[in-house]
Amino acid sequence: MGKRKVLLAGIAVFSGATFVTGISGSLLALICFRVLAGLGAAMIQPTVVSFD
């Protein structure tokens with residue numbers, strides 16, 4: 001996969017998980033979606049640093 005695709009996928013995962021976190025109805029769902037948002041952020045950070 002290219003850097004651009006990983007970056008866009010990370011942004012999509014992070015954005016979607018953050019949105020769903022805001023409308024979650026239980027504590028367990030909130031925690032799960034925050035973990036998913038963290039995974040999205042973990043995709044974004046190294047990709048951004050690797051761009052020249």
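Please read these numbers as outputs of a predicted model, since none were measured by experiment.
- The cluster map of Ile, Leu, Val, Met, Phe, Trp and Tyr, joined by side-chain heavy atoms under 4.5 Å apart, puts Ile44 and Leu8 in different clusters.
- When all heavy atoms of Leu30 and Thr21 are compared, the pair lying nearest together is CD1-CG2, 3.2 Å.
- Residues Thr18 and Phe33 are not in side-chain contact: their nearest non-hydrogen atoms beyond the backbone lie 4.5 Å or more apart.
- Here the shortest heavy-atom pairing between Phe51 and Lys3 reads CZ-CB, 3.7 Å.
- Across Met43 and Gly10, no two heavy atoms sit closer than the pair CE-N, 3.6 Å.
- Between the Ser50 side chain and the Thr47 main chain, a donor and an acceptor come within less than 3.5 Å of each other.
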Let's go through Leu39 and Phe14 carefully: what are the C-alpha distance in whole Å and the side-chain angles of both, what is the deciding distance for side-chain contact (heavy atoms from CB on, under 4.5 Å) to 0.1 Å, and is it a yes or a no? CA-CA 8 Å; Leu39 292 173; Phe14 181 77; over 6 Å; no
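- Between Ala17 and Ala37, the closest heavy-atom pair is CB-N, 3.6 Å.
- Residues Leu36 and Val13 approach most closely at O-CG1, 3.7 Å, considering heavy atoms.
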